[in-house]
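A short write-up of the structure that comes next.
All ligand and atom numbering here is 1-based and tracks the order in the structure. We number each residue from 1, following the sequence as shown.
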Amino acid sequence: MKIESVRGMNDLLPEASAKWHRVESAARRTFAAFGYREVRTPIIESTELFVRSVGETTDIVEKETYTFTDRNGKSLTLRPEGTAGIVRAYIESNRHTVEPVSKWFYVGPMYRHERPQKGRYREFFQIGAEAFGSDDPWIDAEQLALVAEILAAVKTPGVELRLNSLGCATCRPLYRATLTRFLDGVADRLCGDCQRRSATNPLRTLDCKNPGCIEATASAPTTIEVLCDACRIHFAGVQAGLADSGVSFVLEPRIVRGLDYYTHTTFEFVATLGDVGAQNTVCGGGRYDGLVAALGGPAVPGVGFAFGIERLVSLIADDDADKQTPLIFFATMGDAAARFAHRALATLRRTSIAAECDYGTKSLKAQLRRAGALGAIFVAIVGDTEVGRNVVQLKNMASGEQTEVDVSSGLDALRARLTDTAHL
Ligand code: HAM
């Protein structure tokens with residue numbers, strides 16, 4: 001019986017990986033320009049970490065985690081997101097004693113047992129960043145500019161930044177109470193989940209996708225209306241920073257996010273063009289000033305975001321940059337020619353020139369077919385005569401033109417031809 005992949009989990013095959021590589025390279029370049037450094041944390045963490053950070057009453061922790069007991073009876077969870085593990089690592093490494101501000105990024109798989117559909121998977125990859133140590137609104141704005149820069153670098157038109165502020169420990173309880181009163185008034189129009197959430201986690205009702213709930217909460221009070229003075233000033237600072245960075249945005253008071261750790265700024269980058277389906281949020285994040293302390297660390301503020309790589313890749317077009325590096329293919333006839341080609345491949349590959357030959361004994365015609373399928377720019381044809389005279393017959397696959405190249409004093413001539421065509 002054939003064994004199939006796990007539902008909601010995908011293979012990335014070679015044809016598709018070039019775009020992923022382009023996205024990751026653009027992100028890495030941009031992170032470097034903005035002073036962010038890479039961290040890698042484990043995929044498996046203590047279940048407790050996510051319960052205390054993402055939140056016990058969130059959909060993620062209530063219904064979506066992959067949780068299991070290990071052989072020592074400890075409850076472990078495959079990370080559903082990156083922030084919690086990064087915060088744990090920040091605390092565990094005592095990083096706040098090393099530097100006042102830490103700007104970190106990460107790339108890796110996350111796991112959520114959601115109902116799979118286009119753009120929503122059970123294993124998906126995120127590129128994310130977290131900045132610890134400052135509550136300056138400029139750092140929020142700078143991060144949003146960083147996201148905008150990555151989107152521009154991979155050419156994704158029509159992605160809109162939607163911005164909100166969720167307030168702080170001072171004004172959030174007031175908002176919660178105001179919202180709960182409003183929800184009590186429309187309780188009979190809410191879905192079962194939202195009726196329950198009205199008591200446990202009322203902000204989550206604003207994120208419900210049920211059309212009845214969207215309608216019932218359309219005139220719900222917004223956080224922005226009840227922000228305290230400090231939050232209002234912070235939010236104005238973020239908007240000023242965005243103006244300074246030339247990043248446009250729209251205010252969206254319904255962005256409450258699906259994780260409980262947020263305070264102040266929250267945001268989502270939403271694709272408004274193209275065939276992205278219902279899962280059109282490419283990137284989400286915000287500030288979490290109480291999270292480091294809540295997980296046992298110092299009172300250090302933080303802000304971060306994460307892109308879904310699958311969703312970002314689905315938005316970008318093919319690009320010349322995805323083309324493979326120029327390839328030279330050695331087509332050989334006879335054992336001596338094959339050995340000659342093997343030595344040439346070893347020399348060329350050592351200098352990062354892509355060079356290939358076929359495996360096993362094949363006809364010249366079959367080898368040329370293979371060279372074509374691999375997209376070779378040149379084929380070096382070698383038989384006994386060529387080996388004897390230390391030359392190759394170099395065929396340009398695009399023009400069909402064939403010239404003899406002397407390789408008696410090395411392969412520089414071949415290398416030069418390939419480098420010449422590198423821009424093709
Ligand atoms: P999130 O909004 O849960 O935030 O996820 C961030 C992004 O990951 C989403 O905007 C989406 O592009 C992608 N994503 C989420 N779930 C799936 C899925 N099932 N399939 C495919 N893509 C998905 C976080 O995870 C926060 N940790 C972001 C953050 C960092 N906040 C502060 N720092």
[X] to ligand 1: N or O pair under 3.5 Å?
X    : value
G285 : no
E310 : no
F305 : yes
E130 : yes
V282 : yes
R257 : yes

Nearest heavy-atom neighbours spanning [X] and [Y]:
X    : Y    : result
I255 : L163 : CD1-N, 4.3 Å
R120 : R115 : NE-O, 2.8 Å
P173 : A169 : CD-O, 3.1 Å

Q. What part of F269, side chain, backbone, both or neither, has a heavy atom within less than 4.0 angstrom of ligand 1?
A.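 The answer is neither; F269 stays 4.0 Å or more away.
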Q: Quick one: look at R112 and ligand 1, take heavy-atom pairs under 4.0 Å, and tell me if it's side chain, backbone, both or neither.
A: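 Within the 4.0 Å criterion, R112 contacts ligand 1 through side-chain atoms alone.
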Looking at [atom], what's its closest protein heavy atom, distance included?
atom                    : value
atom 27 (N) of ligand 1 : E81 OE1, 2.5 Å
atom 5 (O) of ligand 1  : Q126 NE2, 3.2 Å
atom 19 (N) of ligand 1 : E114 OE2, 2.6 Å
atom 20 (N) of ligand 1 : Y121 N, 2.9 Å
atom 30 (C) of ligand 1 : T83 OG1, 3.0 Å
atom 12 (O) of ligand 1 : T281 O, 2.9 Å
atom 31 (N) of ligand 1 : Y262 OH, 2.6 Å
atom 18 (C) of ligand 1 : F124 CD2, 3.4 Å

Q) Would you say the ring centroid of Y36 lies under 6.0 angstrom from that of F105? A)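 Not under 6.0 Å, so no.
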Q: Taking the six-membered ring for Trp and the single ring otherwise, decide whether the centroids of Y66 and H113 are under 6.0 Å apart.
A: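 Distance test on ring centres: under 6.0 Å, yes.
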With heavy-atom distances below 4.0 Å as the criterion, list the atoms of ligand 1 near [X].
X    : answer
G284 : 10 (O), 28 (C), 29 (C)
L259 : 3 (O), 4 (O)
C283 : 10 (O)

Q) At the 4.0 Å heavy-atom cut-off, does Y288 count as touching ligand 1? A)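 Flag set, Y288 near ligand 1.
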Point-to-point distance, once rounded to the nearest 0.5 Å, from [atom1] of [X] to [atom2] of [Y]:
X    : Y    : atom1 : atom2 : result
L151 : E160 : CG    : CD    : 12.5 Å
E48  : E56  : CD    : CD    : 8.5 Å
Q239 : D244 : CD    : CG    : 12.5 Å

In terms of side-chain heavy atoms, does [X] have a donor or acceptor partner in [Y] at a distance below 3.5 Å?
X    : Y    : result
Y106 : T41  : no
T77  : T67  : yes
Y288 : E130 : yes

Q. Can you tell which of G119, A84, G302, G308 gets a heavy atom nearest to atom 21 (C) of ligand 1?
A.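 Shortest heavy-atom distance from atom 21 (C) of ligand 1: G119.
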Q. So do L312 and W20 actually touch side chain to side chain, heavy atoms under 4.5 Å?
A.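 Side-chain contact under 4.5 Å: no.
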Q. Do R112 and E81 come within less than 4.5 Å of each other through their side chains, counting heavy atoms only?
A.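 Side-chain contact under 4.5 Å: yes.
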